[in-house]
Amino acid sequence: MTTETTPAPNFIRNQVREELEGGQVASIVTRFPPEPNGFLHIGHAKSICLNFGLAEETGGQCHMRFDDTNPAKEEQVYIDAIKADVNWLGFEWAGPVRFASDYFDQLYAWAQHLVREGLAYVDDLSPDEIREYRGTLTEPGTPSPYRERDADESLDLLERMRQGEFAEGGRVLRAKIDMASSNINLRDPILYRIRHATHHQTGDNWHIYPSYDFTHGQSDAIEGITHSLCTLEFEDHRPLYEWFLHNLPVPARPRQIEFARLNLNYTLTSKRKLKLLVDEGIVDGWDDPRMPTISGMRRRGYTPASIRKFCDMVGVSRSDSGLVDIAMLTHAIRSDLEDNAPRAMCVLRPLKVVLTNVADDFEETYDVAGHPARDDMPVRKVPLTRELYIDHHDFMEEPPKKFFRLAPGKEVRLRNSYVIRCDEVIKDDAGEVVELRCSVDFDTLGRNPEGRKVKGVLHWVSAVHGIPVEVRLYDNLFTVEQPDRDKDADFFDHLNPESLITCRAIAEPSLAGTAPETRFQFERVGYFCTDRYASTPEKPVFNRTVGLKDTWAKIRKKG
RNA sequence: UGGGGUAUAGCCAAGUGGUAAGGCACCGGUUUUUGGUAUCGGUAUGCGCAGGUUCGAAUCCUGCUACCCCAGCCA
């Protein structure tokens, strides 16, 4: 873990600190409450960092609680993945993993309590009828004909709902609040609905399941959560959250505080839409390196520290129009890897170079530092032979101005080795450049040539000792900043056809035997990480996490 | 045209009556055997708009405007 600075101030953190200092609370308890219906993404990382970070920072606790009230959408695989993601990010929850379903008995008892108090009733209206009775944004709703039903009858019906006596959609339990409320959430919200589904935690024990609104606040209360942090779209639910706490004999009074969710350009941060990409086979699973999921980013080569740093950079506020520039994310990972990734040379698009003024069996091996600014990384052996490879992109037959890479008659420094000059260009029948014949200036090892400046430095790999590796170049999945901006247009229309390009590359021999999930900087190219699953020490597969900044590309674009 | 929110630079964001932090991006200089890194400097006479209060306003008041969320038996 790299050193982390004091978290930036934000309104939640400020409030918590004031309460702590003022003695309103002795210590805080937060919670991270995902529904296990998909993988966690970068937006969840923001919430995780906020909830766990706040607890950590103040000596409080953060619970891990699955909000598992909808068995139709939830699966055990998601539970496992979510737990692994949170741990990988570097956080530990206090106590056991909790489930809202742990509280189903208590919740049911509280539902009965509300019925007895005349604050809830079983409604026989159909889903369509309920919608009609609810009214609209500008028109009040109409009370259900079952609203004043006898408490005993509701109690009996509720129990029979629980036993599985009725069909799905046949009946619901509703709170009796205010059908004319300007806040639609208060127009007799649904507390329980019938679902004849097997639940991943409770099996077939239940035929009714509580709604989010009836579950969340009370679960918070049961666990002694002091601060229940959620996103802005739940703001309208807060009066309901508080209504339950007020009308039920709950053991504590948690408070809900909302913050703005994270939006990233060129990225989808919606579990539902990410699931579509997976289901449609656009990507290779939830943890495809192009996915903004935590596990996808992990596979891509992001570090936990870089994701935490990103969340800290982004901050926490209530501004809701926010669209964060993905450049912030790439900055976070680059700065981590700049400091911590060992260097290596790897040629992505090999172009053969033959050194003409050395013997056929010429060979020199250099001891090269693993990292230019750190001496704790092992020195690697880098061999130079008569034949070697450079990257095709580093040669131009007719170079534009300011191109200080290789071109006919021009000189260039081979990184960690000599200056060479391109004397001859060999082409195949199709006119493609297939080989360069170059001469070595033997006076330039470890020192600059006399009387002239050689500005270009190229990475290279010995043709004799280099090892073949697979390199996967990943880029944004979408070509537009807001792929899901248009409500009716399909975000599938904005897919980037070049989000994955595979190269058969040649790497320096020190990369042989690299274990999965090892990170490197390929000098002059970018940061790479061996794939967790596809890479083996025998056949390494490198995923590009992010490229190095490319000033030359910028100059060229400008013309 | 109901209710709930939000507006500070291209982007994120601090700031809660005392004269606009910081980061990203961008532009320029220096260093450099990675066109990387590092380092130095530049970038809001201005805080959605218009009034008002005040010695003093991004902060308080009034009135506008724009955008986001809500009519699932999803969370």
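Below, chain A is the first sequence line, B the second, and so on; all start at residue 1. Because only heavy atoms are used, hydrogens play no part in the values below, and waters and symmetry mates are left out as well, while side chains stay in.
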- For the side chain of A:R524 and the base of B:U34, is some donor closer than 3.5 Å to an acceptor across the two? no

- Item | Distance, rounded to the nearest Å, where A:Q482 contributes CD and B:C11 contributes P | 12 Å

- Which one, B:G3, B:C74, B:U34, comes nearest to the side chain of A:L548? B:U34

- Message: Let me spell it out: for each of A:R131 and A:P9, pick the nucleotide of RNA chain B with the closest heavy atom. Which residue's pick is nearer the 5' end?
- Response: A:P9

- Message: Any base atoms under 4.0 Å from A:L125, or only sugar-phosphate, or nothing? Heavy atoms, all strands.
- Response: base

- Message: Nearest to the A:E523 side chain among B:C74, B:U34, B:C73, which nucleotide is it?
- Response: B:U34

- Note: for A:S317 and A:V457 on RNA chain B, the residue whose nearest nucleotide lies more 5' is A:S317

- Item | A:N10, nearest nucleotide to its side chain (from B:A14, B:A75, B:C11) | B:A14

- Query: Is there a donor on the side chain of A:R238 or the base of B:G4 sitting less than 3.5 Å from an acceptor on the other?
  - Reply: no

- Query: Heavy atoms under 4.0 Å, any strand shown: does A:F234 hit a base, just sugar-phosphate, or nothing?
  - Reply: base

- Query: Which one, B:U34, B:C74, B:G4, comes nearest to the side chain of A:D236?
  - Reply: B:G4

- Mark this stacking check for A:W552 against B:G35 as yes or no, applying ring centres under 5.5 Å and ring planes under 30°. yes

- Does a donor on one side chain sit under 3.5 Å from an acceptor on the other, for A:H393 and A:R524? no

- Item | Atom CD of A:E450 with >12 non-hydrogen neighbours under 6.0 angstrom | no

- For the side chain of A:K46 and the backbone of A:V314, is there at least one donor-acceptor N/O pair under 3.5 Å apart? no

- Task: Give a yes or no answer on whether the side chain of A:E258 reaches the backbone of A:R238 with a donor-acceptor pair at less than 3.5 Å.
- Result: no

- Query: Between A:Y241 and A:H216, what is the ring plane arrangement, given parallel below 30°, perpendicular above 60°, and tilted in between?
  - Reply: tilted

- With respect to the phosphate group of B:G72, does any side-chain polar atom (N or O) of A:R134 fall under 4.0 Å of OP1 or OP2? yes

- Where do A:R272 and A:N37 land on the side chain to side chain donor-acceptor pair (under 3.5 Å) test, with the steps shown first? CA-CA 9 Å; A:R272 206 195 94 240; A:N37 64 346; over 6 Å; no

- Item | Presence of donor-acceptor pair under 3.5 Å, side chain of A:D320 and base of B:G5 | yes

- Message: Looking at A:D550 and B:G35, is any side-chain donor or acceptor paired with a base atom of the opposite kind under 3.5 Å?
- Response: no

- Message: What's A:R415 touching, base or sugar-phosphate or nothing? Going by heavy atoms closer than 4.0 Å.
- Response: base

- Query: Out of B:G35, B:U1, B:C70, which has the shortest distance to the side chain of A:T138?
  - Reply: B:U1

- Message: Less than 4.0 angstrom between a side-chain N/O of A:K549 and OP1 or OP2 of B:U37, yes or no?
- Response: yes

- Task: Classify the glycosidic conformation of B:G17 as syn or anti, calling it syn when the angle lies within 90° of 0.
- Result: anti

- Nearest to side-chain heavy atoms of A:R413, which nucleotide of B:U6, B:C70, B:U33: B:U33

- Message: As a test of reading the structure: which of B:U1, B:G36, B:A14 is closest to the side chain of A:R343, going by heavy atoms?
- Response: B:G36

- Between CD1 of A:I390 and P of B:U34 the distance, given in whole Å, is 17 Å

- Task: Could you check which of B:A75, B:G23, B:C73 has an atom nearest any side-chain atom of A:H331?
- Result: B:G23

- Task: Kindly confirm or rule out a cation-pi arrangement of A:R195 over A:Y209, judged by NZ or CZ under 6.0 Å from the six-membered ring centre and within 45° of its axis?
- Result: no

- Message: For a quick test of reading the model: is some side-chain N or O of A:R195 closer than 4.0 Å to OP1 or OP2 of B:C74?
- Response: yes

- Item | Qualifying residue for side-chain hydrogen bond (donor to acceptor under 3.5 Å, both in side chains) with A:E481, from A:T267, A:N265, A:N476 | A:N265

- The single option from A:T215, A:L107, A:D68 passing side-chain contact (heavy atoms from CB on, under 4.5 Å) against A:S101: A:D68

- Message: Counting only side-chain nitrogens and oxygens, does A:T551 get under 4.0 Å of the OP1 or OP2 atom of B:G36?
- Response: yes

- Message: Less than 3.5 Å apart, any donor N or O on the side chain of A:R193 or A:S211 sitting next to an acceptor on the other?
- Response: no

- Message: Applying a 4.0 Å non-hydrogen cut-off, can you work out what A:G315 is touching in the nucleic acid: base, sugar-phosphate, or nothing?
- Response: nothing

- With under 30° as parallel and over 60° as perpendicular, where do the rings of A:F39 and A:W286 fit, or are they tilted in between? parallel

- Message: In this structure, how many angstroms lie between the C1' atom of B:C12 and the CZ atom of A:F259, rounded?
- Response: 15 Å

- When we call it a touch if two heavy atoms are under 4.0 Å apart, what does A:S182 touch: a base, just sugar-phosphate, or nothing? base

- Task: May I ask you to say what A:I130 touches in the nucleic acid, namely base, sugar-phosphate or nothing, with a heavy-atom cut-off under 4.0 Å?
- Result: base

- Task: Tell me which nucleotide among B:C12, B:A71, B:A75 gets nearest to the side chain of A:T136.
- Result: B:A71

- Task: Mind checking A:F522 for me? I need base, sugar-phosphate or nothing, with any heavy atom below 4.0 Å counting as a touch.
- Result: nothing

- Message: Classify A:N70 by what it touches in the nucleic acid, base, sugar-phosphate, or nothing, heavy-atom distance under 4.0 Å.
- Response: sugar-phosphate

- Please check the phosphate of B:U32 (OP1 and OP2 only) for any side-chain N or O of A:K455 closer than 4.0 Å. no

- Task: With heavy atoms under 4.0 Å as the rule, sort A:T231 into base, sugar-phosphate or nothing.
- Result: nothing

- Select base, sugar-phosphate, or nothing to describe what A:V454 touches, counting heavy atoms under 4.0 Å on all strands. nothing

- Query: Does A:N14 make a side-chain N or O approach to OP1 or OP2 of B:U16 shorter than 4.0 Å?
  - Reply: no

- Message: Considering every strand and a 4.0 Å limit on heavy-atom distances, what is the contact class for A:H459: base, sugar-phosphate, or nothing?
- Response: nothing

- Item | Close approaches to RNA chain B from residues 41-50 of chain A, in residue order (heavy atom, under 4.0 Å) | none

- Query: Which nucleotide, in any strand shown, forms a Watson-Crick or G-U wobble pair with B:U39, with both distances under 3.5 Å?
  - Reply: B:G29

- Does a nitrogen or oxygen in the side chain of A:R193 sit under 4.0 Å from OP1 or OP2 of B:C74? yes

